[in-house]
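Protein chains get the first letters and strands the later ones, always in sequence-line order, with residue 1 at the start of each.
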Number of protein chains: 2
Amino acid sequence: MEERVKQIKQQLSGHSYKLTPQREATVRVLLENEQDHLSAEDVYLLVKDKSPEIGLATVYRTLELLSDLSIIHKLNFGDGVTRYEFRAEDAEHHHHHLICLHCGAVDEITDDWLGPIEKRVETEFDFQIIDHRLTFHGICYRCKGQVKDPKKLIGSKVT
Amino acid sequence: MEERVKQIKQQLSGHSYKLTPQREATVRVLLENEQDHLSAEDVYLLVKDKSPEIGLATVYRTLELLSDLSIIHKLNFGDGVTRYEFRAEDAEHHHHHLICLHCGAVDEITDDWLGPIEKRVETEFDFQIIDHRLTFHGICYRCKGQVKDPKKLIGSKVT
DNA sequence: CAATTAATTGATAAAAACTCTCACATTATA
DNA sequence: TATAATGTGAGAGTTTTTATCAATTAATTG
Ligand SMILES: [Zn+2]
Ligand SMILES: [Zn+2]
Ligand SMILES: [Zn+2]
Ligand SMILES: [Zn+2]
């Protein structure tokens, strides 16, 4: 935790940004909820618990800054808000998500399964991949059997 | 074109919805721009050319309706607006997109390359896939060589 | 250290995209 | 035709995000 904070501090100062108290509070909230996919509002409320004086705009600015530096990732699961999650230090690419259309759970595939497909994309389309997003929408193991007509669930979903 | 309209009319009436003149005008705009990825505003402006009396709310309602019936798909490419495209009649799943971070072009992989990966997801995660979204972000063949530091482009992108 | 400059913040206004409301119009049903 | 149901347009309202700006804090200069 402390090392992560220190590491991020260095990433920031490497780009001439300071790890202000507000930014550090935001970073800590993100680290403490690393497995979740928090919205800006979520982060704001959590940060406020510890630093009640922080402003919403600062949270948005911090998330944007961290995103610009590729320290965190912006996600969109089609529910109208941008969500944020830490980018794994070692991971070259973004991990994959499994979104349950019944309960809303977001599970993760942390391995990158797209290697062979990316090869095909690069050769067949002459497209230089920098990152990817892969999301599966369906029924999670928890909800299995609770859904009569799964096909009906997909309509109107985004992303 | 006319067959597609007729087919959609049947899909609507199958769910007790009417293909009103406003809905038909919206459907025709979508069909005439099938290769694009139009936003609601885009659709609205295009429909207005032919049916100036149409309201923005009606366009939103029609897109939502078509989306509910899985006649069109909602997309999010991270630019803040929902985009819409026809769902290929035969395609079981959504096709893949290649988004150029330099010029913004959106190309498509119309074949479904995810078969083997979906098998793994279903068995390893006990997750019943209904649909998927796969997007590659990078540099398209047109922009190759025009970008000095491609990694820099990814920061702050969503989806 | 004092003065100046730059970076950052909080509050709030504003923008953007989308949704809701409701009176009116159109269509279906009896 | 009467009656009910469905659909529409205009605009108000909501939600999320961004822009503005005066005030605070930090860095730099002399
Ligand atoms: Zn579930
Ligand atoms: Zn994730
Ligand atoms: Zn390009
Ligand atoms: Zn497409």
Peer 1: Sort and list the pairs that fulfil ring pair (Phe, Tyr, Trp, His ring centres under 6.0 Å) and have at least one residue in residues 25-51 of chain B, not counting sequence neighbours.
Peer 2: B/His37-B/Phe77, B/His37-B/His97
Peer 1: Measure from CG on A/Leu38 to P on D/dT16 and round the result to the nearest Å.
Peer 2: 15 Å
Peer 1: Sequence neighbours left out, what passes side chain to side chain contact (heavy atoms under 4.5 Å, CB included) with B/Asp111? Give chain and number order.
Peer 2: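 Counting only residues at least two positions away or on another chain, B/Asp111 forms a side chain to side chain contact (heavy atoms under 4.5 Å, CB included) with B/Trp113.
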Peer 1: From OH of A/Tyr44 over to P of D/dT16, roughly how many Å is that when rounded to an integer?
Peer 2: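 So the two atoms are 14 Å apart, to the nearest Å.
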Peer 1: Tell me, please, whether A/Phe125 has A/Arg120 positioned over its six-membered ring: NZ or CZ under 6.0 Å from the ring centre and within 45 degrees of its axis?
Peer 2: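 A/Arg120 over A/Phe125 ring: no.
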Peer 1: Does OP1 or OP2 of D/dT25 have a side-chain N or O of A/Gln22 closer than 4.0 Å?
Peer 2: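 For A/Gln22, the contact criterion (side-chain N or O under 4.0 Å from OP1 or OP2 of D/dT25) is not met.
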Peer 1: Using whole Å, report how far CD of A/Glu24 lies from C1' of D/dA26.
Peer 2: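 So the CD-C1' distance, A/Glu24 to D/dA26, works out to 16 Å.
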Peer 1: What does nucleotides 15-24 of chain C look like as a protein-contact string, B for base, S for sugar-phosphate only, - for none, at under 4.0 angstrom between heavy atoms?
Peer 2: --SBBBB---
Peer 1: Between the side chains of B/His73 and B/Glu85, is a donor N or O closer than 3.5 angstrom to an acceptor N or O?
Peer 2: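 No, no side-chain donor-acceptor contact under 3.5 Å.
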Peer 1: Under the salt bridge (Lys or Arg N to Asp or Glu O under 4.0 Å) criterion, do B/Asp36 and B/Arg83 qualify, and how do the steps go?
Peer 2: CA-CA 9 Å; B/Asp36 296 332; B/Arg83 298 185 174 278; over 6 Å; no
Peer 1: Are OP1 or OP2 of C/dG10 and a side-chain N or O of A/Thr58 less than 4.0 angstrom apart?
Peer 2: yes
Peer 1: Are the charged groups of A/Glu34 and A/Arg4 less than 4.0 angstrom apart, N to O?
Peer 2: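 Yes, this pair counts.
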Peer 1: Within this structure, what is the CG-to-P distance between A/Leu12 and D/dA27, rounded to whole angstrom?
Peer 2: 14 Å
Peer 1: Rounded to the nearest angstrom, tell me the gap between atom NZ in A/Lys9 and atom P in D/dA26.
Peer 2: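 Going from NZ in A/Lys9 over to P in D/dA26 covers 12 Å.
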Peer 1: Does either side chain, that of B/Arg23 or that of B/Thr26, offer a donor lying less than 3.5 Å from an acceptor on the other one?
Peer 2: no
Peer 1: Check B/Leu46, B/Thr82, B/Val81 against B/Leu38 for a side chain to side chain contact (heavy atoms under 4.5 Å, CB included) and give me the one that passes.
Peer 2: B/Leu46
Peer 1: For B/Glu118, give me all partners under side chain to side chain contact (heavy atoms under 4.5 Å, CB included), at least two apart in sequence or on another chain.
Peer 2: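 With neighbours one apart ignored, the set is A/Phe136, B/His93, B/Leu114, B/Ile129, B/His132.
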Peer 1: List the steps and the verdict of side-chain contact (heavy atoms from CB on, under 4.5 Å) for B/Glu24 and B/Val5.
Peer 2: CA-CA 7 Å; B/Glu24 180 169 339; B/Val5 174; 4.2 Å; yes
Peer 1: Whole-Å distance between D/dT8 C1' and B/Leu19 CG?
Peer 2: 15 Å
Peer 1: Under 4.0 Å: is that the gap between some side-chain N or O of A/Thr20 and OP1 or OP2 of C/dT8?
Peer 2: no
Peer 1: For every nucleotide of nucleotides 25-30 of chain C, 5' to 3': is a protein heavy atom under 4.0 Å from its base (B), only from its sugar-phosphate (S), or from neither (-)?
Peer 2: --S---
Peer 1: Listed in order of residue number, which residues of residues 46-55 of chain A have a non-hydrogen atom at under 4.0 Å from DNA chain C?
Peer 2: A/Glu53, A/Ile54, A/Gly55
Peer 1: How far does NE2 of A/His102 sit from SG of A/Cys140, to the nearest 0.5 angstrom?
Peer 2: 9.0 Å
